[in-house]
Each structure stands twice: as structure tokens, then as C-alpha cells.
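Below: one structure, written as C-alpha cells.
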Amino acid sequence: MQGEPENLLVIDVLDEDAGLADVEDLRGRTFQLPAEWLPGAADGAAYRVNVSGAQVTFTPDPNGAALLRERSKQTLLDFSDEPDSDRPDSGERS
């Protein structure tokens, strides 16, 4: 595959008692899916999502969790909650 995949899910939490997996995609959205849909479901496991007509398949991706972590780190690096000191309205009062 070329480019960055947009069809990647990673299991955040697997609730074996309920049979549900809380998953996150590359956009940071979270979903709950039946764990039985995800082959070899385990915390941290990643899956490529393939849609063909009315059929959806989840294929394990051994590198998917690392990709999601790297993307999350980059998002945190891009974020800053410090005021912009170049702006006249930087929050400093005289």
C-alpha cells in the first residue's frame, strides 16, 4: 500500500466478559466492536479494515499499533497550550 492508511483500527481495551473491543482509528475516533469480528483479538492488536460491497473484513496488521502511536506522538508535538508571545494579546497584563 502506498500513502498513509486511513483504514486502521487498534484495540484499546478488550472486554472478554462482554465480548466487546474498544478500538481507535487513525483519526482518534473510538468505536466498540464485537471481539469475535477481530481475529486474535487482544489489547493493542491492530487491524486493517477492508470494505467490499456489503462485506467488511478485519485483517491483523502487526505494525498498525506502532503507526497509531507515532501518529499520536506527532499530534502531541504539534499541540502547544502556551500563549503565542509574538501576538500583542498574549495574555500578559500591565
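The figures here come from the full heavy-atom set of this structure, side chains too, leaving out hydrogens, waters and symmetry mates.
By the 4.5 Å side-chain criterion applied to Ile, Leu, Val, Met, Phe, Trp and Tyr, Val13 is assigned to no cluster and stands alone. Tyr47 belongs to a hydrophobic cluster with Leu9, Ile11, Leu14, Val23, Phe31, Leu33, Trp37, Leu38, Val49, Val51, Val56, Phe58, counting contacts under 4.5 Å between side-chain heavy atoms of Ile, Leu, Val, Met, Phe, Trp and Tyr, direct or through other members.
Looking at Asp25, its side chain does come within 3.5 Å of a backbone N or O of Arg29 through a donor-acceptor pair.
Contact check for Asn50 versus Thr59: side-chain heavy atoms found under the 4.5 Å cut-off. Using a 4.5 Å cut-off on side-chain heavy atoms (C-beta onward), Leu8 and Asp61 make contact.
Atom CG in Asp22 sits 4.5 Å away from atom CD in Gln32 (nearest 0.5 Å).
The two residues Pro39 and Pro60 make their nearest non-hydrogen contact at O-CG, 4.1 Å. Closest of all the heavy-atom pairs between Ala41 and Ala35 is CB-O, 3.9 Å.
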